[in-house]
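Residue numbers count from 1 along this sequence. For ligands, and for the atoms within them, numbers begin at 1 and follow the listed sequence.
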Amino acid sequence: MIRQRFYLRWAVRTQKSSENSHIFEDVAMALLPILCYPDPQLHKVAKPVAAVDARIQTLVSDMLETMYEAKGIGLAATQVDVHERLIVIDVSEERDQPLVLINPVLTWTSATTHLNEEGCLSVPGIYDGVERFDAVHVTALDEKGVNRTIEATELLAVCIQHEMDHLMGKVFVEYLSPLKRNRIKTKMLKARREEAR
Ligand code: K1U
Ligand code: ZN
């Protein structure tokens, strides 16, 4: 499954984000293949992470590396064919504020919603509007197994909702009309056939 394995020095990011420096040490990281819609694996419901151990910490590093390389703002374990409740996010402009959410639970949602333009690394090139809560509170374990609460608004709130949907086996195109969804499915399958030629 692993396409590339290499060693990176994360000194620049570590300097910018001392709070998160424990994530960015000299570690071996790998780029993981991202599943593409309509792969049926994207519809599997993820199970809770049983323990935040070395295997999970390696997965966190690999998912962060994969997300940064793909220029995404989030990535759910489901998208890399791992069906455990783990999400990585970085909505910062500098790309130096990674968030790790293990076994995330939404504890509060705002009364108001908003239509947001979304994209998805599993549906490349497709962007469309999805109605999301304006603000959410989420509790989750971090990469050290420490329980955290995040109070999210704006892009972070949208991204958390998008990624938590992935863990439930839901891709954002499922909010769109059947007509749009079928067009997207056809386009993705055609692109896959052309890539294979
Ligand atoms: O889960 C994913 O596939 C990552 C996805 C997250 C996301 C983007 C936009 C709204 C909600 C969730 C992406 O990172 S798509 C690519 C991207 O960087 C992006 C697209 C639109 C707006 C902002 C960023
Ligand atoms: Zn997505």
Is any side-chain heavy atom of Cys36 closer than 4.5 Å to one of Met188?
no

Check this for me, if you would: do Glu84 and Arg55 make a salt bridge, where the nitrogen-to-carboxylate-oxygen distance has to be below 4.0 angstrom?
yes

For Arg183, check salt bridge (charged side-chain N to carboxylate O under 4.0 Å, His left out) against everything at least two apart and list the hits.
none

Side chains of Gln97 and Asp90: do they bring a donor and an acceptor to under 3.5 Å?
no

Under 4.5 Å between any side-chain heavy atoms of Glu174 and Arg181, yes or no?
yes

I'd like the atom pairs linking ligand 1 to the protein - N or O on both sides, separation under 3.5 Å - with distances to 0.1 Å.
from: ligand 1; atom 1: 1 (O); to: Gln79; atom 2: OE1; distance (Å): 3.2
from: ligand 1; atom 1: 1 (O); to: His162; atom 2: NE2; distance (Å): 3.2
from: ligand 1; atom 1: 1 (O); to: Glu163; atom 2: OE1; distance (Å): 3.0
from: ligand 1; atom 1: 1 (O); to: Glu163; atom 2: OE2; distance (Å): 2.6
from: ligand 1; atom 1: 1 (O); to: His166; atom 2: NE2; distance (Å): 3.4
from: ligand 1; atom 1: 3 (O); to: Gln79; atom 2: NE2; distance (Å): 2.9
from: ligand 1; atom 1: 3 (O); to: Leu121; atom 2: N; distance (Å): 2.7
from: ligand 1; atom 1: 14 (O); to: Ile73; atom 2: N; distance (Å): 2.7
from: ligand 1; atom 1: 18 (O); to: Lys71; atom 2: O; distance (Å): 3.0

Determine whether a donor-acceptor pair (N or O, by modelled atom type, separation under 3.5 Å) exists between the side chain of Asn103 and the backbone of Val49.
yes

Given Val60, which partner from the list Val52, Ile87, Val100, Asp142 fulfils the side-chain contact (heavy atoms from CB on, under 4.5 Å) test?
Val100

List nothing but the number: protein N/O/S atoms under 2.8 Å from the Zn ion (ligand 2).
3

On the ring face of Tyr37, is Lys187 found with NZ or CZ under 6.0 Å from the centre and within 45° of the axis?
no

Quick one: side chain to side chain donor-acceptor pair (under 3.5 Å) pairs with a partner in residues 107-122, sequence neighbours left out?
Gln79-Ser122, Thr112-Asp134, Thr113-Glu131, Glu118-Arg132, Glu118-His162

